[in-house]
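Have a look at the structure below, then the notes.
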Amino acid sequence: MALDILDLRDFYSRPLGELARRILRGKLRSRWSDVRGLRVLGIGFATPFVGVFREDAERVLAFSPSQQGVAGWPLDRLNAAGLVDDEMWPLPDAAVDRIVAVHALETCGSATEFLNEAWRCLAPGGRLIAIVPNRRGAWAKMDTTPFGHGRPFSRSQLTELLREALFAPEGWDEALFMPPVERGLVFRSAVPLERLGSRLWAPFAGVHIVEASKQAVRPLPVRSTRRVAPARILRPAPIGVPAPAPHRDVTSG
């Protein structure tokens, strides 16, 4: 079940949420350093992150699941945020070039249907970045942050899910290695922990960040057909030919 927008906004207004936002925005920006002329869609609770692309992209939209709620975004421009169904977005086919999914895949009703809709809305060659809680990380085990809600994933689970939806994972990253607690020491050590964590204990990161590309539709295999022998044509007996006499049992009577 998706979190309420009030809980999400409250988390990202706190020091721990602000720290997580800065770390994840940096990861996004390093992966997509040039989005000039591209159409970017954020899905889930993506407004704290996709704003980093507003100055370069042709347009940036933000969709929230209907059960979560939505707030106007951005505050200084025309609204670009809206409520959508998890499995039905109000966009034509191939409408966007990039999709950022945050607080989305782990809380949607069907991850498969969610990714199928993302595939439909992406243009050929389009790319998706999904930020999801790592099932082995501390953030997925504590419900004091949004990453502690919904279904966490392992790398292998994400890979299988993406491939089934015709996405090819192109790159992986991990983030949020500090413990999800409000402590001054945690805030001061967050940056060095991020640097060390990616090299020393990547399997225990708080979140996975996977970038995947849209693949073409796989052709259906041609089924081999067995040749069926033609049915025998029963021809009527010629006129005037007597029918065979019925068989009589000579041993009886």
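In this text the structure is predicted, and so the values were computed from the model without any measurement.
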- Query: Is any NZ, NE, NH1 or NH2 atom of the basic residue among Arg9 and Glu18 found under 4.0 Å from an Asp or Glu carboxylate oxygen of the other?
  - Reply: no
- Task: For Val132 and Val207, run side chain to side chain contact (heavy atoms under 4.5 Å, CB included): C-alpha distance rounded to whole Å, both residues' side-chain angles, the deciding distance at 0.1 Å, then the answer.
- Result: CA-CA 5 Å; Val132 298; Val207 297; over 6 Å; no
- Message: Please check this pair: side chain of Arg120 against backbone of Trp89, looking for a donor-acceptor N/O pair closer than 3.5 Å.
- Response: yes
- Report the relative orientation of the aromatic rings in Phe53 and Trp32; use parallel for angles under 30°, tilted for 30 to 60°, perpendicular for over 60°. tilted
- Apart from Val70 itself, what residues make up its hydrophobic cluster when side-chain heavy atoms of I, L, V, M, F, W and Y under 4.5 Å apart count as a link, directly or indirectly? Leu83
- Take Phe63 and Leu41 through the side chain to side chain contact (heavy atoms under 4.5 Å, CB included) test and state the conclusion after the steps. CA-CA 7 Å; Phe63 288 168; Leu41 168 65; 3.6 Å; yes
- Working to the nearest 0.5 Å, report the span between CG of Leu38 and CZ of Arg98. 5.0 Å
- Message: Has Asp34 got a side-chain atom pairing as donor or acceptor with Arg36's backbone, closer than 3.5 angstrom?
- Response: yes
- Message: Tell me whether Lys27 is salt-bridged to Asp173, with the criterion being a basic N under 4.0 Å from an acidic carboxylate O.
- Response: yes
- Message: Run the side-chain contact (heavy atoms from CB on, under 4.5 Å) test against Ala212 and tell me which residues pass, sequence neighbours left out.
- Response: Leu162, Phe167
- Do the non-hydrogen side-chain atoms of Pro74 and Arg54 ever get within less than 4.5 Å of each other? yes
- Rounded to the nearest 0.5 Å, how far apart are CD of Gln215 and CG of Leu122? 11.5 Å
- Item | Gap separating the NE2 atom of His208 from the CG atom of Leu105, nearest 0.5 angstrom | 11.5 Å
- First locate atom CG of Leu3, then atom OG of Ser64, and finally report the distance between them rounded to the nearest 0.5 Å. 12.0 Å
- Query: Can you find a side-chain donor-acceptor pair between Gln67 and Asp86 that sits under 3.5 Å?
  - Reply: yes
- Query: Ring centroid separation for His103 and Tyr12, is it under 6.0 angstrom?
  - Reply: yes
- Query: Is it true that Glu106 and Arg135 make a salt bridge, defined as a side-chain N closer than 4.0 Å to a carboxylate O?
  - Reply: no
- Note on the structure: CD1 of Ile209 to OG of Ser30, rounded to nearest 0.5 Å, is 8.0 Å
- Can you list the steps and then say if Ser154 with Ser156 is a side chain to side chain donor-acceptor pair (under 3.5 Å)? CA-CA 5 Å; Ser154 66; Ser156 59; 3.1 Å; yes
- Give the C-alpha distance, both sets of side-chain angles, the deciding distance and a yes or no for salt bridge (charged side-chain N to carboxylate O under 4.0 Å, His left out) between Glu174 and Arg136. CA-CA 12 Å; Glu174 277 75 32; Arg136 300 177 68 181; over 6 Å; no
- Query: In terms of hydrophobic clusters joined by side-chain contacts under 4.5 Å, are Val191 and Phe204 together?
  - Reply: no
- Query: What residues form a side chain to side chain donor-acceptor pair (under 3.5 Å) with Arg14, not counting sequence neighbours?
  - Reply: Glu182
- Query: Under the side chain to side chain contact (heavy atoms under 4.5 Å, CB included) criterion, do Thr145 and Leu16 qualify, and how do the steps go?
  - Reply: CA-CA 9 Å; Thr145 82; Leu16 183 62; 4.2 Å; yes
- Message: Looking at Leu75, I want to see if its CG is surrounded by more than 12 non-hydrogen atoms of other residues, nucleotides or ligands under 6.0 Å.
- Response: no
- When rounded to the nearest 0.5 angstrom, what distance separates CD1 in Ile23 from CG in Leu28? 12.5 Å
- Message: Aromatic contact between Trp139 and Phe177, with the criterion being ring centroids under 6.0 Å apart: yes or no?
- Response: no
